[in-house]
Amino acid sequence: MKNKAWIACLLGIFLILSACGTKEASTAKKDTNSADVSKEKTAKSEETATAEEEKSPKELFTGMYNDLVSNITDDQLSLESKTSDFIAAHMDWFPAKNPAEIKAVKKNTDNSISTKHLNKNIAPYNGKLVTFQGNVVSIEEVNDDNGDVALSYIHLMDDDMQSHVFIYKKGTDILEDDTIRFWGVPVGPWSFENVSGGSTNNIFYIASHVEKL
């Protein structure tokens, strides 16, 4: 995964539901131009902090996911309003952390939605829970400032050779080549460069729950 430090910073926003402030470096220069630049940077920093403070926990939560998706996909994807609204309404499902939440996720998943539906037109399925299984092609983890696993990034291939990529706000015991099933919301189609020099087309998701089979 690219830019892990940047992603870890975003996860800090998630953990404390507040802005990740930027500390301005002090300068020894006392000339007028330096003072003006410093004032401008301070004003912008204060404006950003104020704007973040005014956001609700739900806005911070979905904003964190939106920034993660945009960064990982090089701005190819962002959260559609229905998907963002669904995540905001079910913050405890992203990820599901206990048996009751996991049961609720599975109960509210539309098992009839296939990759054929998503490849044809993903728009009707924004804000809907889907589920797929396959073999893990690769998995990466990002740690938070405490050294704990804060995010998993998983690429799997299903039996129809459809590629799926998802982020999961949790650590797992999953390894490459494991067979897994995940539940989550689709974000959109995405492509990335593979090791052979071509492009891999896939669907990107935000996962609620993952199980090793």
Side-chain angles (χ1 to χ4, degrees), residues 1 7-8 10-11 13-15 17 57-58 60-69 72-73 77 79-80 82-119 122 124-144 148-160 162-190 202-213:
M1 188 194 300
I7 293 173
L10 285 174
L11 291 168
I13 298 175
F14 174 84
L15 294 171
L17 292 180
K58 289 184 177 181
L60 289 169
F61 190 86
T62 56
M64 181 277 302
Y65 269 121
N66 187 63
D67 286 345
L68 282 172
V69 169
I72 292 171
T73 65
L77 295 176
L79 297 186
E80 296 294 336
K82 287 183 179 180
T83 303
S84 182
D85 290 345
F86 182 85
I87 291 174
H90 303 92
M91 292 170 62
D92 54 342
W93 291 358
F94 293 92
K97 296 176 280 298
N98 57 56
E101 293 170 355
I102 294 170
K103 182 178 180 180
V105 166
K106 292 181 178 181
K107 181 179 179 181
N108 287 276
T109 295
D110 189 339
N111 295 287
S112 69
I113 300 173
S114 69
T115 53
K116 291 181 180 180
H117 293 100
L118 299 180
N119 287 329
I122 204 167
Y125 311 104
N126 289 328
K128 293 183 180 294
L129 284 168
V130 299
T131 182
F132 297 101
Q133 75 175 53
N135 294 323
V136 176
V137 177
S138 65
I139 178 170
E140 298 181 48
E141 294 177 339
V142 177
N143 294 343
D144 60 21
D148 299 321
V149 176
L151 185 80
S152 297
Y153 172 89
I154 301 175
H155 175 202
L156 69 84
M157 190 78 70
D158 64 24
D159 291 340
D160 295 323
Q162 170 68 54
S163 182
H164 306 261
V165 172
F166 63 88
I167 52 175
Y168 182 49
K169 183 63 181 60
K170 199 173 181 181
T172 73
D173 61 350
I174 293 168
L175 298 173
E176 287 185 12
D177 298 324
D178 283 344
T179 301
I180 65 171
R181 175 172 287 276
F182 76 93
W183 292 256
V185 288
V187 177
W190 175 47
N202 65 85
I203 301 170
F204 194 95
Y205 309 80
I206 296 174
S208 293
H209 179 59
V210 181
E211 292 182 1
K212 186 189 293 188
L213 303 179

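Position 1 is the first residue of the sequence; numbering continues from there.
Taking OG of Ser208 as the reference point, atom CD1 of Ile87 lies at 8.0 Å (rounded to 0.5 Å). Residue Leu213 holds its CG atom at 9.0 Å from CD1 of Ile174, rounded to the nearest 0.5 Å. The distance from atom CG of Leu156 to atom CD of Glu176, rounded to the nearest 0.5 Å, is 12.5 Å. In this structure, Glu140 CD and Ser152 OG are separated by 10.5 Å, a value rounded to the nearest 0.5 Å. Note that CH2 of Trp190 and CZ of Phe204 are 6.0 Å apart. Values are rounded to the nearest 0.5 Å. Taking CZ of Phe86 as the start and CH2 of Trp93 as the end, the distance is 5.0 Å to the nearest 0.5 Å.
Residues Leu129 and Asp110 form no side-chain contact, since every pair of their non-hydrogen atoms from C-beta on lies 4.5 Å or further apart. Side-chain contact between Leu79 and Ile206 is present, with at least one heavy-atom pair separated by less than 4.5 Å. Within the 4.5 Å cutoff, the side chain of Ile154 has heavy atoms near those of the Ile180 side chain. Looking at heavy atoms from C-beta onward, Phe132 lies out of side-chain contact with Trp183 at the 4.5 angstrom threshold. In this structure, Tyr153 and Ile72 have side chains that are in contact, with non-hydrogen atoms separated by less than 4.5 Å. No side-chain heavy atom of Tyr125 sits less than 4.5 Å from a side-chain heavy atom of Val185.
Heavy-atom minimum distance, Ile167 versus Tyr65: CD1-CD2, 4.1 Å. In terms of heavy atoms, Pro186 sits closest to Asn126 at O-OD1, 4.3 Å. Summarising the geometry of Pro189 relative to Leu77, their closest heavy-atom pair is O-CD2, 3.4 Å, with the distance given to 0.1 Å. The two residues Met91 and Ala88 come nearest to each other via the heavy atoms CG-O, 3.4 Å.
Of the candidates Ile122, Val130, Val165, Val187, Ile203 forms a side chain to side chain contact (heavy atoms under 4.5 Å, CB included) with just one, namely Ile122. Checked against Lys212 for a side chain to side chain contact (heavy atoms under 4.5 Å, CB included), the options Thr179, Asp173, Leu175 give a single hit: Asp173.
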Review point. Given the rule in the salt bridge (charged side-chain N to carboxylate O under 4.0 Å, His left out) test, do Lys170 and Glu141 qualify, once you have shown the distances and angles that lead to the verdict?
Key: CA-CA 9 Å; Lys170 199 173 181 181; Glu141 294 177 339; over 6 Å; no

Review point. Does the pair Lys169 and Lys97 meet the rule for a side chain to side chain contact (heavy atoms under 4.5 Å, CB included), with working shown?
Key: CA-CA 10 Å; Lys169 183 63 181 60; Lys97 296 176 280 298; over 6 Å; no

Practice item. Please test Met157 against Val137 for side chain to side chain contact (heavy atoms under 4.5 Å, CB included), starting from the C-alpha separation and ending with a verdict. Key: CA-CA 7 Å; Met157 190 78 70; Val137 177; 4.0 Å; yes

Practice item. Decide yes or no on ring-ring contact (aromatic ring centres under 6.0 Å, His included) for Phe94 and His90, but give the supporting numbers first. Key: CA-CA 7 Å; Phe94 293 92; His90 303 92; 7.7 Å; no

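A 6.0 Å sphere centred on CG of Asn98 holds more than 12 heavy atoms belonging to other residues, nucleotides or ligands. Under a cut-off of 6.0 angstrom, the local environment of NZ in Lys103 is sparse, with at most 12 non-hydrogen atoms contributed by other residues, nucleotides or ligands. Heavy atoms of other residues, nucleotides or ligands lying less than 6.0 angstrom from NZ of Lys128 number 12 at most.
Side-chain N/O atoms of His164 and Asp158 include a donor and acceptor closer than 3.5 Å.
Taking the six-membered ring wherever Trp is involved, the centroid distance between the rings of Phe182 and His209 does not fall below 6.0 Å.
Remark: the backbone N or O of Glu80 is not paired with any side-chain donor or acceptor of Lys82 at under 3.5 angstrom. Between the side chain of Thr109 and the backbone N or O of Asn111 there is no donor-acceptor pair closer than 3.5 Å. Of the possible polar contacts, one joining the Asn119 side chain to the Thr115 backbone as a donor-acceptor pair under 3.5 Å is found. Panel note: side chain Asn66, backbone Thr62; no donor-acceptor pair is recorded below 3.5 Å.
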